[in-house]
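Worksheet for the structure shown next.
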Amino acid sequence: MKPVRTWGAGIAFALASAFAIAAPAPRSTADGPEGAWLAWGGQASFGFNPDALVALDLRVASASMASARAAGVPGRRYDTTTFPALDAGTLEVIHRGPAIVAIGGGELRFAGGFVLAHPGGSIDLRGFALRADPAARLGIAVVDASGRAWFTADHAHYGFDEQGPGTFSMYNMNLRLARAFAEALGRPDLVGHPVGTLEFRAQAQIGREMAQPLPDGGVCSAPFPEAGLVTDIALIYDDAAGGWTGHDDSVYVRRCGLPPLPGGGACTSSSTNGKVVIDQDSSLRNVGDTGVAWYQKFTSPSPPYGNDQHPYLIWNLYRIDADGRIKQIGVSAVKHAFLTINWAHVPGECGCAEGHVIYPTCEDTYSLSNNDNSSSGGSQQQNLAPRSEVVPSTAVWGRCGSVWDANCDGHMDSGSGAQNLYDYRMLVDESDMLAPLATGARYFFEYWYIVRDDENIYNTMGYREIQPNKSGANWQVSLVGAGQPDHDFFLGPVVDRWVDPQAPGANAMNRELSTPLGRARIAMKATDLGGGQWRYEYAVMNFDYAHVLIDPAHATEPNVKLLENHGFARFRVPLPANASVSAPRFDDADNDSGNDWSLSGAGGALTWSAPAGNTLDWGRLYHFEFVSDAPPAAATLGLTGAATATEAEIGYALDLLGPATVDDTIFRNGFD
């Protein structure tokens, strides 16, 4: 087998011998014969989450023979170190045609490495190696010079360098404590606990399948979105038993800091005002007929839209109190996706290489560390930005004037975007997860992708029930019902858990509002309090409704500039003239009473109105409540889209239940 590079005779002989001995015999499959490519040399980069190290009382005591190093600062930047590899070892990359399906035998060896100190001693990783994790098809184990595994890494992005097939990379991996490390800390419960990220780049010897640069997504082909074809990306749950990432998709606490952030320091055992950063692993599958663009931001315009189109990921956290009231308590920014690995979970499907188009039947993943926006190489990847820069119903990104391109020149500004480990993250108030608010409460973590031309937004979103817990100064979350047949993952939005639209129960409803500008849902409950009193609750969930103003001078993709991006500004519930009202309540997604919506009882309705800066924007749920002596009946509710500088408000009507008047014709006519 002739190598693709020129080596010394000894290295060439060693590689050829290793391949001949270690490579599995090719076998015929639905998508072609299976074989092995070789990777060797290169470099590996570790990115330790400094907040995770502090929480575990770990520190990097030394880093020998590193080619680059930047010490971490809690709350501000990851601790990053890069080590060059030796040319003495090889790692097998198992493939089926052009598609990578597993990591095989061998190892990448390094002369340098860490010494990590902890209260009970130290872990010596000088002379470490990277091997396949036997528990995962595409997982990596970090072993010491004696071969003992101290870390594992999973949820990788992987593939060959876009400039040519001679470099193989695995990156954006979650770096976790292996069993030996957890036991050394005296904490066997911390097996699999994430502490950072890992990536490596190695030279590669490949076969004819990759002799020429492949189109994005490998040899696959599929039409782009067009009339008559279904474009549909579905959120999925990947578990270690049936999946390929090596570790169950889950939800994690990244850090907790005290205001002002990030300079206020870490949370303490007695703090109640800290901000907790929570995020997740996320996986998906193309269940449609078309290829979906997945181009990294600021890359050359590409088909089918002539821009750098890609999906976006957001996540939310909700608390349902012991009395059943729902409140959103966490709101992330937007994660800009940039690559799809095109994994074939089912043999015979997909068979594509990684790239910037996800093809039908292919799967992809983003690790929790990747979603935390820090690359293992030490630079901020800058994939998190405000939601207000995206038109959600069309998935158009306002790149011009964004946090990355203030001068609209189509290039990412130096020093732009997140400047620390709290910017654009989902920040949850500690008090929302502590008694008394947490007493008897349930918590639901929701996340979803925004995909251009996606036909079904409801299978592109999902949620998990979690249980937050504070031990000393440290926060963690556990998944409720993990291991049960429904594996704690549910498709759809959390508001549908609060009131099931298919089986809402007595005096409850959940209906969709579909408009040309996007979709929302209003779920409601009327609870008989006795004594002729009824408590009315309305949860208004804005999925992707946005009333936007585009700069006429920058109205064309890819350099669109959004001047305004607003959701709903008023919510109305009709009220009989003789009905009493008491205990009005409003809950938005923060704990700032200074921006709450105002309430008016004029005009035969209860009307909540948004102050400047707190419209009900996309991806958010607001909760409205009151008590009345009027029993529930059919009612027409009003929801008003906010005005922009050049366009008036837009009124919408939706039939649900409320303490309605017998004749609501006048009210309805105001919103049709």
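Atom CD1 of residue I100 and atom CD1 of residue I94 lie 10.5 Å apart, to the nearest 0.5 angstrom. With values rounded to the nearest 0.5 angstrom, S431 atom OG is found 9.0 Å from I329 atom CD1. Interatomic distance, CG of L235 versus CG of D238, reported as 11.5 Å (0.5 Å rounding). Atoms CG and CZ, on L177 and R179 in that order, are 11.5 Å from each other to the nearest 0.5 Å. For the atom pair OG (S332) and CG (L427), the distance works out to 10.0 Å, reported to the nearest 0.5 Å. Taken from CG in D587 to CZ in R319, the straight-line distance is 8.0 Å, to the nearest 0.5 Å.
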| task | Carefully, step by step, assess V292 and V451 under the rule side chain to side chain contact (heavy atoms under 4.5 Å, CB included). | result | CA-CA 8 Å; V292 174; V451 181; 3.7 Å; yes
Determine, stepwise, if the pair S146 / D144 fulfils side chain to side chain donor-acceptor pair (under 3.5 Å). CA-CA 5 Å; S146 68; D144 62 17; 2.7 Å; yes
Q. Could you walk me through whether D590 and N595 pass the side chain to side chain donor-acceptor pair (under 3.5 Å) check?
A. CA-CA 9 Å; D590 61 37; N595 66 4; 2.9 Å; yes
- Query: Given the rule in the salt bridge (Lys or Arg N to Asp or Glu O under 4.0 Å) test, do D321 and K327 qualify, once you have shown the distances and angles that lead to the verdict?
  - Reply: CA-CA 8 Å; D321 295 335; K327 174 178 168 58; over 6 Å; no
Practice item. Could you give me the CA-CA distance, side-chain angles and deciding distance for V428 and M433, then say whether side chain to side chain contact (heavy atoms under 4.5 Å, CB included) is met? Key: CA-CA 8 Å; V428 183; M433 300 186 294; 3.9 Å; yes
Working for side chain to side chain donor-acceptor pair (under 3.5 Å), residues E430 and S271
CA-CA 8 Å; E430 282 191 286; S271 63; 2.9 Å; yes
### Query
Can Y158 and F200 be said to form a side chain to side chain contact (heavy atoms under 4.5 Å, CB included), step by step?
CA-CA 10 Å; Y158 54 85; F200 71 83; over 6 Å; no
Quiz item: L38 and F168: side chain to side chain contact (heavy atoms under 4.5 Å, CB included), yes or no, with the steps?
Solution: CA-CA 9 Å; L38 292 179; F168 175 71; over 6 Å; no
### Candidate pair N614 and D588, rule side chain to side chain donor-acceptor pair (under 3.5 Å), full reasoning
CA-CA 9 Å; N614 194 25; D588 55 12; 3.0 Å; yes
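Between T197 and L175 the shortest side-chain heavy-atom distance does not fall below 4.5 Å. I314 is listed as a side-chain neighbour of R387, based on a closest heavy-atom distance under 4.5 Å. Using a 4.5 Å heavy-atom threshold, the side chains of N469 and Q476 count as separate. By the 4.5 Å heavy-atom criterion applied to side chains, E465 and R442 are counted as neighbours. Taking the side chain as every heavy atom from C-beta outward, V142 and L198 approach each other to under 4.5 Å. Annotation: side chain of D87 is in contact with side chain of Q203 (closest heavy-atom distance under 4.5 Å). With a 4.5 Å cut-off on side-chain heavy atoms, L56 and H118 do not count as touching. Side-chain contact between I123 and L125: present, with at least one pair of heavy atoms (C-beta onward) separated by less than 4.5 Å.
The aromatic rings of F543 and W448 stand perpendicular to each other, their planes meeting at an angle above 60°, with 30° marking the opposite boundary. The aromatic rings of Y463 and F444 stand perpendicular to each other, their planes meeting at an angle above 60°, with 30° marking the opposite boundary. In this pair, Y237 and F489 present their aromatic rings parallel. The plane angle is below 30°, not in the 30 to 60° band. The aromatic rings of F151 and F48 sit tilted, their planes meeting at an angle between 30° and 60°.
With no hydrogens or angles considered, a side-chain donor-acceptor pair links Y252 and D281 at under 3.5 Å. There is a side-chain donor-acceptor pair under 3.5 Å between N316 and Q328. If you check the side chains of Y449 and S282, you find a donor sitting under 3.5 Å from an acceptor. Under 3.5 Å, the side chains of T299 and D308 contain no donor-acceptor pair of N or O atoms. Using a 3.5 Å distance cut-off with no hydrogens or angles, the side chains of K335 and N371 do pair a donor with an acceptor. Looking at H247 and D154, their side chains never bring a donor and an acceptor atom within 3.5 Å of each other.
Annotation: W37 is in aromatic contact with F160 [ring centroid separation under 6.0 Å]. The six-membered or imidazole ring of Y318 lies away from that of Y443, with a centre-to-centre distance of 6.0 Å or more. Proximity of the aromatic rings of F338 and H157 is defined here by a centroid distance below 6.0 angstrom, and this criterion is met. For H310 and H336, the ring centers sit closer than 6.0 Å to each other. Ring centers of F110 and F128: under 6.0 Å apart, within the cut-off. Aromatic ring centres of W404 and Y424: separated by at least 6.0 Å.
The backbone N or O of I278 lies less than 3.5 Å from a partner atom in the side chain of W315, making a donor-acceptor pair. Side chain of D429 to backbone of D432: no donor-acceptor contact under 3.5 angstrom is found. Here the side chain of E199 pairs no donor or acceptor atom with the backbone of M173 at under 3.5 angstrom. For the pair E446 (side chain) and V494 (backbone), a donor-acceptor distance under 3.5 Å is present. A donor-acceptor pair is defined here as one N or O able to donate and one able to accept, closer than 3.5 Å; no such pair exists between the side chain of S471 and the backbone of N474. Looking at S67, its side chain does come within 3.5 Å of a backbone N or O of T82 through a donor-acceptor pair. Side chain of D133 to backbone of A135: a donor-acceptor contact under 3.5 angstrom is found. D279 places a side-chain N or O within donor-acceptor distance of the main-chain N or O of D372, the cut-off being under 3.5 Å. Using modelled atom types, no side-chain atom of K297 and backbone atom of R399 make a donor-acceptor pair closer than 3.5 Å. Using a distance-only test at 3.5 Å, with no hydrogens or angles considered, a donor-acceptor pair links the side chain of N286 to the main chain of I358.
Partner of D51 under the side-chain hydrogen bond (donor to acceptor under 3.5 Å, both in side chains) criterion, chosen from R254, R76, R255: R255. Screening Q280, R464, H155 for a side-chain hydrogen bond (donor to acceptor under 3.5 Å, both in side chains) involving D249 leaves a single residue, H155.
Other residues, nucleotides and ligands contribute over 12 non-hydrogen atoms within 6.0 Å of the CZ atom of R325. Other residues, nucleotides and ligands place no more than 12 heavy atoms under 6.0 Å from the CZ atom of R201.
Every residue meeting the salt bridge (Lys or Arg N to Asp or Glu O under 4.0 Å) condition with E107, not counting sequence neighbours, appears here in chain and number order: R109, R131.
Within the cation-pi definition used here (under 6.0 Å to the ring centroid, within 45° of the axis), R148 qualifies as a partner of W150.
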